[in-house]
Amino acid sequence: MIDAKKTNDYVKMLMANLSFKADYHRFVNKDGGKQRLLIVEGATDEAFIKKIISTDVACIIAQKAFRRPSSFGKKPQEDFINYKAAIVQLVCGLSRFPQIISCPGSDKWIVYGMVDLDFDEAENNLFEGTKQLFVTDTHDLETLLLSTDADLLQRIKRCSIKIDDIRRAFSAAYQIGLIKMVLTDYCSGLNFSSLSAGKVEVAYAEFVEDDGKISLKRIISYMNEQSEKKLSSAKIEGMISKIKKDKRIKKYLNKDGEWDKSTESFDFSLYKDFWDVVNGHDILALLRYVNNDIAEAYKGNTKSLNREFEFDLIDNYEYKYLEKTELYHNMYLNRIVNDIE
């Protein structure tokens with residue numbers, strides 16, 4: 001649902017930041033027409049799209065687009081903003097409900113947005129029918145790259161990534177993704193951020209067995225230990241009992257709630273929902289977990305885990321494979337991206 005006040009606030013921040021951009025005039029349409037702007041979530045999205053973006057489209061990262069400008073020598077105010085939600089609100093507001101926008105100058109821009117598919121369901125009705133909002137075909141950009149370019153990981157030059165590494169990481173990522181998806185319907189009190197591989201170093205050894213299998217009890221216990229309010233053992237057991245009966249996951253579990261499929265011979269192509277369930281950050285973090293050489297090559301930093309790994313994926317990606325995606329098709333129709341050579 002569009003929030004008029006929030007949308008206007010985002011528009012005002014955007015207009016203020018655009019006016020201070022050093023390269024602002026480079027994007028001014030000489031014939032007096034509207035300037036075109038694409039807002040993306042982060043630095044990796046910008047690096048990815050800049051290789052094929054049209055020359056008449058300016059690209060800006062959400063953090064810069066929605067930063068409150070400094071005044072009187074003070075640093076810009078850093079409010080907590082859900083950048084993905086902000087992009088969705090802004091683009092939908094400007095394109096579908098322009099009458100609610102009261103910010104001078106906004107009529108001179110056509111604003112587009114690119115976001116990951118892992119949006120909140122509440123936003124679903126906002127971007128449906130909004131042609132200026134582009135969404136990845138799969139969970140996120142990383143999975144989009146990996147799902148379309150089958151040999152991408154093996155072309156990484158910084159370290160050797162073997163088929164067995166990929167199989168083990170893919171298997172664990174699918175298990176985690178499926179468990180998280182089902183868990184959200186049974187308990188909101190658990191600390192799901194403890195499994196957010198892009199933001200924290202997940203202690204996979206706490207719940208991933210040597211054979212790559214995960215049990216509900218161990219992963220829920222791990223999440224519970226990271227939560228502010230701990231669930232009782234009785235409540236956890238009750239939760240596990242319910243989850244084991246859930247049709248989305250019960251066929252993969254044994255009677256004790258443990259993964260009951262082989263991980264050594266895991267074939268992601270046999271799981272039709274694989275690329276919708278797995279998270280790209282999980283895959284990259286798990287690759288670092290299963291192989292010390294990969295971990296050494298991508299030590300990362302506390303501010304942006306897996307960032308160097310993500311940039312290497314982009315640098316080695318064969319863009320010809322992007323042509324078959326809905327993301328590229330929709331952006332091409334809007335003349336946001338060029339032909340892929």
Side-chain angles (χ1 to χ4, degrees), residues 116-121 124 136-140 142-144 146-148 150 153 163-197 202-227 231-287 289-290:
D116 288 343
L117 181 62
D118 60 346
F119 50 82
D120 294 330
E121 288 186 10
N124 187 41
T136 57
D137 297 44
T138 58
H139 195 278
D140 47 37
E142 292 76 29
T143 52
L144 179 72
L146 294 170
S147 66
T148 53
L153 285 169
I163 292 294
D164 282 346
D165 299 328
I166 297 172
R167 185 181 293 116
R168 291 172 63 193
F170 277 21
S171 174
Y174 184 72
Q175 293 177 63
I176 292 170
L178 197 59
I179 290 170
K180 283 197 295 186
M181 181 178 69
V182 175
L183 267 178
T184 55
D185 293 337
Y186 292 92
C187 185
S188 58
L190 288 172
N191 182 5
F192 283 82
S193 64
S194 63
L195 296 179
S196 298
V202 181
Y204 293 113
E206 294 294 318
F207 56 86
V208 179
E209 302 288 351
D210 291 340
D211 60 3
K213 295 181 180 181
I214 298 173
S215 73
L216 288 175
K217 187 171 184 177
R218 287 191 66 183
I219 194 170
I220 291 174
S221 295
Y222 174 77
M223 296 170 72
N224 192 41
E225 284 300 314
Q226 311 294 319
S227 302
L231 301 178
S232 66
S233 57
K235 189 164 186 177
I236 290 176
E237 289 299 331
M239 190 189 311
I240 292 173
S241 179
K242 291 179 181 179
I243 293 173
K244 287 192 296 184
K245 299 174 184 176
D246 192 296
K247 63 181 181 180
R248 292 171 293 178
I249 199 172
K250 67 178 182 179
K251 62 183 176 181
Y252 300 121
L253 304 174
N254 62 22
K255 61 182 180 61
D256 296 317
E258 299 164 341
W259 195 256
D260 199 29
K261 303 294 179 182
S262 170
T263 58
E264 290 183 1
S265 58
F266 183 83
D267 182 355
F268 74 88
S269 65
L270 299 178
Y271 299 80
K272 293 181 180 180
D273 61 348
F274 180 82
W275 292 113
D276 295 322
V277 170
V278 297
N279 179 299
H281 287 297
D282 288 346
I283 289 176
L284 300 187
L286 282 160
L287 281 167
Y289 171 69
V290 302

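Start at 1 with the first residue, then count along the sequence.
In this structure, CG in Leu287 is found 6.5 Å from CG in Leu284, a value given to the nearest 0.5 Å. The line from CG of Leu178 to CD1 of Ile249 is 4.0 Å long, rounded to the nearest 0.5 Å. Between the OG atom of Ser269 and the CH2 atom of Trp275 there is a distance of 11.0 Å, given to the nearest 0.5 Å. Between Ser194 atom OG and Glu206 atom CD the span is 11.0 Å, to the nearest 0.5 Å. With values rounded to the nearest 0.5 angstrom, Leu146 atom CG is found 9.0 Å from Asp140 atom CG. Once rounded to the nearest 0.5 Å, the distance linking CD1 of Ile214 with CD1 of Ile179 reads 5.0 Å.
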- Task: Would you please test Leu231 and Met239 for side-chain contact (heavy atoms from CB on, under 4.5 Å) and show each step?
- Result: CA-CA 10 Å; Leu231 301 178; Met239 190 189 311; 3.5 Å; yes

- Query: Which is it for Asp137 and Leu117 under the side-chain contact (heavy atoms from CB on, under 4.5 Å) test, yes or no, and what are the steps along the way?
  - Reply: CA-CA 7 Å; Asp137 297 44; Leu117 181 62; over 6 Å; no

- Query: Please walk me through it: do Trp259 and Asn254 pass side-chain contact (heavy atoms from CB on, under 4.5 Å)?
  - Reply: CA-CA 7 Å; Trp259 195 256; Asn254 62 22; over 6 Å; no

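Shown here are the side-chain hydrogen bond (donor to acceptor under 3.5 Å, both in side chains) partners of Asn279, two or more places apart in sequence or in another chain: there are none. Listed by chain and number, the residues in a side-chain contact (heavy atoms from CB on, under 4.5 Å) with Ser241 are Lys245 (sequence neighbours excluded). Contacts of Lys242 classified as side-chain contact (heavy atoms from CB on, under 4.5 Å), with partners at least two apart in sequence or in another chain: Tyr186. Ser262 is linked by a side-chain hydrogen bond (donor to acceptor under 3.5 Å, both in side chains) to Ser265, counting only residues two or more places apart in sequence or in another chain. A search for side-chain hydrogen bond (donor to acceptor under 3.5 Å, both in side chains) contacts involving Asp211 returns nothing, not counting sequence neighbours. When the ring pair (Phe, Tyr, Trp, His ring centres under 6.0 Å) test is applied to Tyr271, the partners found at least two apart in sequence or on another chain are Tyr174, Tyr252, Phe266. By the side-chain hydrogen bond (donor to acceptor under 3.5 Å, both in side chains) test, Thr148 pairs with Tyr317, sequence neighbours left out.
Contacts classified as salt bridge (Lys or Arg N to Asp or Glu O under 4.0 Å) and involving residues 166-186 (residues at least two apart or in different chains) are given here: Asp164-Arg167, Lys180-Asp282, Asp185-Arg248. Sorted by first and then second residue, the salt bridge (Lys or Arg N to Asp or Glu O under 4.0 Å) pairs involving residues 252-280 (not counting sequence neighbours) form an empty list. Here side chain to side chain donor-acceptor pair (under 3.5 Å) pairs that include residues 212-225, with residues two or more places apart or in two chains, are Glu209-Arg218.
Contact between Leu190 and Met223 at its shortest, heavy atoms only, is CB-CE, 4.0 Å. Counting all heavy atoms, side chain and backbone alike, Ser147 lies closest to Leu144 at OG-O, 3.1 Å. Shortest non-hydrogen contact noted between Ala173 and Leu286 is N-CD1, 3.4 Å. Scanning all heavy atoms of the two residues, the minimum distance from Ala285 to Tyr204 falls at CB-OH, 3.5 Å.
In this structure, the side chains of Thr184 and Phe192 come closer than 4.5 Å at one or more pairs of heavy atoms. Side chains of Asp116 and His139 form no contact here, defined as non-hydrogen atoms less than 4.5 Å apart.
Side-chain atoms of Ser171 do not come within 3.5 Å of backbone N or O of Thr263 as any donor-acceptor pair.
Between the side chains of Thr138 and Thr143, a donor-acceptor pair is found at a separation under 3.5 Å.
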